[in-house]
2 protein chains.
Amino acid sequence: MDGFQPPGRLVTLTDVAREAGVGESTVSRVLRNHGSYSKRAGERVAEAVARLGYVPNRLAGSLAGPGASAQLAGVIVPSLANVVFPDLLRGLTGALDAAGIRCVIGVSDYDPDREEALAAALLSWRPAALLLTGLEHNPGTVALAKAGGVRVVEMIDTDGAGIDAVVGFSNRAVGAASARHLVARGYRRIAYLGHDLQVDLRAAKRLAGFEAALGEAGLSLQGQEIRSGPSSPGSGRAGLEALLARHPDLDAVYFSNDDMALGGYFACLAAGLSVPGRIALFGFNGLDFAAAMPQPLSTVRTPRLEIGRQAAACLIGEGPKTIDLGFELIEGATA
Amino acid sequence: MDGFQPPGRLVTLTDVAREAGVGESTVSRVLRNHGSYSKRAGERVAEAVARLGYVPNRLAGSLAGPGASAQLAGVIVPSLANVVFPDLLRGLTGALDAAGIRCVIGVSDYDPDREEALAAALLSWRPAALLLTGLEHNPGTVALAKAGGVRVVEMIDTDGAGIDAVVGFSNRAVGAASARHLVARGYRRIAYLGHDLQVDLRAAKRLAGFEAALGEAGLSLQGQEIRSGPSSPGSGRAGLEALLARHPDLDAVYFSNDDMALGGYFACLAAGLSVPGRIALFGFNGLDFAAAMPQPLSTVRTPRLEIGRQAAACLIGEGPKTIDLGFELIEGATA
DNA sequence: GCTGTTTTTGGCAGCGCTGCCAATCCTGTT
DNA sequence: AACAGGATTGGCAGCGCTGCCAAAAACAGC
C-alpha cells in the first residue's frame with residue numbers, strides 16, 4: 001500500500017516468529033494447520049502474518065518437505081490456438097485449484113522435440129505430475145517422464161498404450177462413428193478436409209477410423225484436401241472451395257474439426273449451395289457455435305472439460321489407469 | 001528407460017559431482033555455463049549428467065539464487081472460455097519461453113476475491129512477475145502485488161491507472177470508434193447486446209465509450225439486452241431474437257464481442273433478415289471466423305497476441321511502463 | 001628454476017522452510 | 001504437594017542448490 005518493499009528481502013517465516021514471539025516451528029504448524037498448537041499461538045501468528053504481510057515461500061517449503069513439490073502440475077499442450085486445449089486447461093485448473101495445485105504450462109507447437117525440452121524444464125520444478133497431450137512422444141520424453149518420479153497423465157487420446165495414466169476417448173472410434181453416420185444418411189461421395197496430419201496425430205487417427213468404417217461399407221474417400229497451417233474457419237472455407245472445384249460431385253465432407261466445418265458452411269452460404277441437400281457437412285468437437293447455427297452442425301461432441309477434470313482427479317487420488325470418457329454424436333442438420 | 005526409479009530419491013547435483021569426479025561447484029558452473037571451467041570438466045560433467053539422467057531441481061536453485069525465482073511468471077486470467085485469454089497466454093508463453101520462463105496460471109472466474117487468493121498463491125512461488133488482467137482489483141490484491149517484490153503487468157486495458165506496467169489498448173476508445181463507425185454509416189436506431197457487465201468490466205468500458213460517442217452525435221442507445229452467463233454464439237442468437245422482438249425498429253446492434261455477433265448473424269440468417277440492409281451487426285475482437293463469414297463481420301481487431309508478447313518483454317527487459325497497442329477497426333460487410 | 005599472475009577448483013555457509021526430537025508446560029491424580 | 005501423561009513448544013539439521021572464498025593448478029615472464 002505504501003510503495004514497494006526495499007527489494008532484496010521479503011518477510012520470512014523467521015520474521016513472523018520473531019514478531020509473534022513464538023518459535024519457527026510453531027509458525028509453521030499454525031500456517032499449515034498441522035500438528036497441535038494452542039489457540040493463543042494461533043492468534044498471535046495470525047496477527048503477525050497480517051501485520052507483516054507475510055507470503056510463505058513454497059520454493060523453500062517444497063524443498064524442505066518430503067518428496068516432490070506436490071503443489072505444481074506441469075502441463076504440456078500442443079497449442080493454445082485450438083479451443084480444445086484451453087478447454088482442457090479449464091477443466092484441469094478448475095479441479096486442481098480446489099487441491100491447491102497450480103498448473104505450469106508449456107506449449108509444444110506440435111513439435112516432439114519441443115515437447116521433450118518442455119518436459120525437462122517442467123520436471124525441474126519437481127511437479128506432482130506431468131500432463132501430456134496424446135500418446136506419441138519422443139523416447140527421451142518418455143524416459144524423462146518415467147524417471148521423473150511423478151505421476152504422468154496423457155490426455156485426449158486412448159488409441160494406444162500410455163506411460164502411466166490415460167484420460168480421453170478413442171479418436172479412431174470418433175472417425176468411425178462419423179463415417180457410419182454419413183453412410184447411414186445415404187451419403188456416398190464423401191471427401192475429407194483437414195489441416196496438417198503429420199502434425200495433428202489425433203486428426204490422423206480420426207481419419208483412419210473414418211476410412212476404415214467407410215471401407216466396411218464398401219466405400220472409400222472420394223477426395224481429400226489437406227491444408228497446411230492450423231485449422232481455422234478461413235482455412236475451411238478456402239479448402240471447401242478448392243475441394244468442390246476439384247470434385248464437383250461430392251455429396252458430403254468430413255472436416256477435421258468444427259472450425260474448419262464452420263468455414264465450409266460459410267463457403268456454402270456464399271456460393272448458395274444448399275446444406276445438406278447439395279452437400280452435407282460433418283465436423284468434430286461440438287463447439288459452442290455449432291448449436292447456434294441456423295442449421296445446427298452435425299458433429300461429435302468431445303468431453304474436453306471432463307478430460308481435464310478427470311486428469312486432475314488422477315493426480316489427486318489414485319484413480320484408474322485408463323479412463324475412456326467416450327463422445328457424443330450430434331446429429332445436427334448439416335449431415 | 002528401464003522402469004521407474006526407486007521413488008523417494010532423485011538424482012542430485014551431488015550425485016553428478018561424485019559420478020564425474022569433480023566438486024559440486026564445478027557441476028553447478030558447467031550446468032549453468034557460468035564462471036570458468038576447463039573443457040575436461042565440462043565433458044565429464046556432461047557425461048555424468050547423461051549417464052545419471054540428472055534433472056536439476058529449480059526449487060533448490062531458485063531458493064539458493066539471488067532474489068526471487070525469476071524463472072516463473074504468475075498469470076491470472078478471468079477465464080479460459082473466451083478466446084481472448086488463451087490468445088494472451090499464447091503470446092506470453094511464446095515470448096517467455098525463449099527466456100526460459102514458465103507461466104503458472106490461475107483462473108479467477110471474474111471474481112476479485114478469487115483473484116486475490118490466486119495472487120497470494122502464485123506469489124508464494126516467488127515468480128519473477130505477476131501478470132494480471134485489467135486494472136480493477138481488490139485492495140488486497142494491489143497490496144500483495146506491491147509487496148511481492150515482483151514486476152507487475154496489467155494486461156488488456158489501459159483506461160485507468162496501473163500498479164506497475166500496463167499493456168493493452170483503450171476499451172473506451174474501441175467503443176467510441178465503433179459508435180462513430182455506425183453513425184457515419186447512417187445507422188440511427190442502435191442497440192447493445194452483451195453479457196454480464198458487472199463481471200466483464202472491459203465490456204462495460206467499451207459500452208461507456210460507445211454511448212459517449214453516440215451522445216456526441218446526438219444519439220442514444222435505443223435498446224439494450226444484457227444476457228447473464230458467459231458470452232457465446234448461442235447467447236448472441238437468443239439475445240438478438242429477444243432484442244428484435246422488443247425493438248422491431250432497430251437498424252444496428254453493437255455486440256459485446258464477435259462470439260455474440262456470430263450468434264446474431266445466425267439469428268438473422270435463420271429469420272431471413274438481410275444484413276446489413278435490415279439490420280447491421282458490429283462485433284469486437286476480430287476473431288478468425290469474422291473474416292471467413294459470407295459477409296465479413298464488421299468488428300474491431302484487438303492485438304491479443306501482441307499484448308502477451310509485449311507483456312513478456314516488460315518482464316525481461318525494463319520496458320516502458322505503459323504500452324498502448326491500439327486496435328484496428330475492420331469495416332467488414334455487416335455494418 | 002622461481003616468482004607473479006591467471007585460471008580452475010572444491011569446501012562450505014546459507015537460501016526459507018519442514019521434520020524430528022527433546023524440553024517445557026499444562027492438566028488431572030494420588 | 002508431588003507426579004504421570006498428554007498437549008504444546010523451540011532448536012536444529014538438512015532439503016538441493018548457488019555464491020563466496022581461498023586453495024590448487026596452470027601458465028607467464030625473467
Side-chain angles (χ1 to χ4, degrees), chain A residues 5 7-45 48-49 52-72 123-127 148-149, chain B residues 5 7-45 48-49 52-72 123-127 148-149:
Chain A
Q5 294 270 125
R9 226 180 76 64
L10 297 173
V11 180
T12 71
L13 180 141
T14 309
D15 299 327
V16 175
R18 195 183 318 109
E19 177 81 10
V22 300
E24 302 178 27
S25 333
T26 301
V27 177
S28 178
R29 277 184 289 255
V30 172
L31 256 30
R32 289 174 302 144
N33 192 32
H34 174 273
S36 71
Y37 54 88
S38 63
K39 196 177 170 192
R40 183 166 157 285
E43 284 162 5
R44 303 197 56 165
V45 168
V49 164
L52 265 34
Y54 171 67
V55 175
N57 183 340
R58 295 223 198 196
L59 255 31
S62 298
L63 185 59
S69 106
Q71 308 276 36
L72 287 177
L123 248 14
S124 75
W125 291 106
R126 296 289 184 267
Chain B
Q5 292 273 129
R9 226 179 76 63
L10 297 173
V11 180
T12 72
L13 180 140
T14 308
D15 299 327
V16 175
R18 195 183 317 108
E19 176 80 10
V22 301
E24 301 178 27
S25 334
T26 301
V27 177
S28 177
R29 276 185 289 256
V30 171
L31 256 31
R32 289 174 301 144
N33 193 32
H34 174 271
S36 70
Y37 56 87
S38 63
K39 196 178 171 189
R40 183 167 156 284
E43 284 162 4
R44 302 196 57 165
V45 169
V49 164
L52 265 35
Y54 171 67
V55 175
N57 183 339
R58 294 222 200 198
L59 255 30
S62 298
L63 184 60
S69 106
Q71 307 277 35
L72 287 178
L123 248 13
S124 75
W125 292 106
R126 295 290 184 267

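Worth knowing before you read on, the calculation uses all heavy atoms, side chains too, and leaves out hydrogens, waters and symmetry mates. Everything quoted here is computed from the prediction, not taken from an experiment.
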#### Entry: Between D:dT18 (P) and B:Gln71 (CD): distance, integer Å
10 Å

#### Entry: Nearest-0.5 Å distance that lies between atom CG in A:Leu59 and atom CZ in A:Arg126
12.5 Å

### Task
Without swapping roles, check the side chain of B:Ser28 against the backbone of B:Glu24 for a donor-acceptor pair under 3.5 Å.
no

### Chi angles and distances behind the side-chain contact (heavy atoms from CB on, under 4.5 Å) call for A:Leu63, B:Asn57
CA-CA 9 Å; A:Leu63 185 59; B:Asn57 183 339; 4.1 Å; yes

#### Entry: Side chain of A:Ala41 - closest among D:dC17, D:dT9, C:dT7
D:dT9

### Message
Nearest heavy atom decides the nucleotide; on that basis, is B:Arg29 or B:Asn57 closer to the 5' end of DNA chain D?
### Response
B:Asn57

### Side chain of A:Ala64 (C-beta onward), nearest among C:dC17, D:dG16, D:dG19
C:dC17

## Note on the structure
Whichever of B:Ala60 and B:Val27 has the more 5' nearest nucleotide on DNA chain C, that residue is B:Val27

### Message
Keeping A:Arg58 on the side-chain end and B:Trp125 on the backbone end, is there a donor-acceptor pair under 3.5 Å?
### Response
no

### Query
Atom CD of B:Glu24 to atom C1' of D:dC20: distance rounded to whole Å?
14 Å

### Query
Between B:Arg40 (CZ) and D:dA25 (P), how many Å, whole number?
12 Å

### Message
Check this one for me: any side-chain N or O of A:Ser28 less than 4.0 Å away from OP1 or OP2 of C:dT18?
### Response
yes

### Task
Check every atom of D:dG19, C:dG10, C:dT8 against the side chain of B:Arg32 and return the nucleotide holding the closest atom.
D:dG19

### Task
Establish, with yes or no, whether the OP1 or OP2 oxygen of D:dC17 is under 4.0 angstrom from a side-chain nitrogen or oxygen of B:Tyr54.
yes

### Task
In whole angstrom, give the distance that lies between atom CZ of B:Arg126 and atom P of C:dG16.
9 Å

### Message
Nearest to the side chain of A:His34, heavy atoms from C-beta on, is which of D:dG10, C:dG10, C:dG19?
### Response
C:dG19

### Query
Between C:dT9, C:dG11, D:dG10, which one does the side chain of B:Ser25 approach most closely?
C:dG11

### Query
What is the nucleic acid contact for A:Ser38, judged by heavy atoms within less than 4.0 Å: base, sugar-phosphate only, or nothing?
sugar-phosphate

### Message
Side chain of B:Leu13, heavy atoms from C-beta onward: which of C:dC17, D:dT9, D:dT18 has the nearest atom to it?
### Response
D:dT18

### Message
If you only use heavy atoms from C-beta on, which nucleotide in C:dT9, D:dT9, D:dC17 is closest to the side chain of B:Thr12?
### Response
D:dC17

#### Entry: Gap between atoms OH and P, on A:Tyr37 and C:dC26 respectively (whole Å)
19 Å

### Short side-chain N/O contact from A:Ser36 to OP1 or OP2 of D:dT8, under 4.0 Å
yes

### Shortest non-hydrogen separation from B:Leu10 to B:Asp15 and the atoms involved
O-OD2, 3.9 Å

